[in-house]
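One structure below.
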Amino acid sequence: MAGPEPGHQTPTAMTAKVFLSLFNKALVLITMCSLLSNTYAMEKSHKGKQLTHNEGEVTVLTQYEVKKGHKKKFRKLLRKYVRQANADKSNIMAEAYYEQENASLLWVIERWDSKSALEKGRNGTKFKLIKALAEKKLVQPARTIYVKDLEPLSKEAWRRAPGEEDKPITIMLFVDSKAGTEAAFKEVYHTAMPQFRSEPGVINYQLSQLEDDPTQFVTYEKFRSEDAFQYHLHFPPIQPVIDYLNTSIKKQPFQTGLHRLIAFAPKNR
């Protein structure tokens with residue numbers, strides 16, 4: 001029986017070659033699918049992390065030091081922005097203040113349910129007008145401080161307004177703790193906070209930690225009157241806080257970090 005001619009493949013060899021070719025193609029296809037699947041999973045995970053980071057509640061304090069002769073116009077723009085922010089369902093609270101001892105120093109305090117909501121508000125026309133005026137009419141660039149609230153409050157609690165007979169005052173105290181004492185400070189405040197909030201003269205009370213420096217904190221204390229604030233300073237549960245401030249912060253006296261604020265927006269605050 002004659003053998004196969006030179007260069008001629010038998011049916012078995014041809015079948016094996018076709019099978020090997022198909023196998024290699026299938027292997028390449030499986031590899032590509034696996035890579036695409038892993039890439040999709042990584043992107044989904046990354047987006048999930050971004051959503052978790054960006055979509056939590058965000059609190060921002062912005063300070064403006066306005067040049068002489070421009071306070072009235074600046075306040076008017078801030079008042080309009082605060083009114084618009086409070087009307088947004090994504091806004092938790094928005095308020096504007098001037099400092100009692102220096103009316104050229106203005107503050108806007110905002111809380112939103114997400115970073116995207118804050119960015120949307122700040123991309124609006126009213127905030128753009130503030131930015132445009134700020135470029136020319138500020139003593140120095142606006143100071144923006146992002147913080148994390150440590151003793152959460154509901155939106156309803158943040159929107160609590162003073163009574164008609166009240167003469168409210170808001171206190172912000174910036175605290176620069178000595179490294180290693182932060183946990184002690186948070187614990188002292190955590191213990192005292194329910195008692196502070198139960199004081200008859202307290203409208204709101206919060207302790208926040210700066211996002212870019214865990215040794216720095218700021219309190220937000222809104223009282224119905226100056227008398228209510230003075231009562232708070234002599235309220236026995238405050239003593240452990242005073243003891244900490246007198247011993248465990250970087251710069252004394254602690255009162256140098258205190259800002260007395262008078263609200264000008266919204267009108268009922």
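It should be emphasised that the depicted structure is a prediction, and the values quoted were computed from it without experimental measurement. Note that the numbering runs from 1 along the sequence shown for the chain. Just so you know, these numbers use all the heavy atoms, side chains as well, and skip hydrogens, waters and symmetry mates.
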Cluster overlap V175 with M193, hydrophobic side-chain contacts below 4.5 Å
yes
Does [X] [atom1] have over 12 foreign heavy atoms under 6.0 Å away?
X	atom1	value
K120	NZ	no
E165	CD	no
K131	NZ	no

Are K222 and E95 close enough for a salt bridge, meaning some N to O gap below 4.0 Å?
yes
Basic-acidic side-chain contact under 4.0 Å: E57, K115
no
What I want to check is whether the side chains of [X] and [Y] have a donor and an acceptor closer together than 3.5 Å.
X	Y	result
Q230	E226	yes
Q84	D88	no
T215	D213	yes
Y98	S104	no

Find out whether the Lys NZ or Arg CZ of R75 is both under 6.0 angstrom from the six-membered ring centre of F264 and within 45° of the ring's axis.
yes
Honestly, is R143 close enough over F174, meaning NZ or CZ under 6.0 Å from the six-membered ring centre and within 45° of the axis?
yes
Can you tell me how the ring of [X] sits relative to the ring of [Y], calling it parallel under 30°, perpendicular over 60° and tilted otherwise?
X	Y	result
F223	H232	tilted
H259	W107	perpendicular
Y220	W158	perpendicular

Kindly say whether the aromatic ring centers of F217 and F185 come within a distance under 6.0 Å.
yes
Taking the side chain from R260 and the backbone from E101, do they hold a donor-acceptor pair closer than 3.5 Å?
no
Short question: side chain of S154, backbone of A157 - any donor-acceptor pair under 3.5 Å?
yes
With E151, the side chain to side chain donor-acceptor pair (under 3.5 Å) member among Q206, K186, H190:
H190
Look up atom CD1 in I109 and atom CE in M172, then write down how far apart they are to the nearest 0.5 Å.
5.0 Å
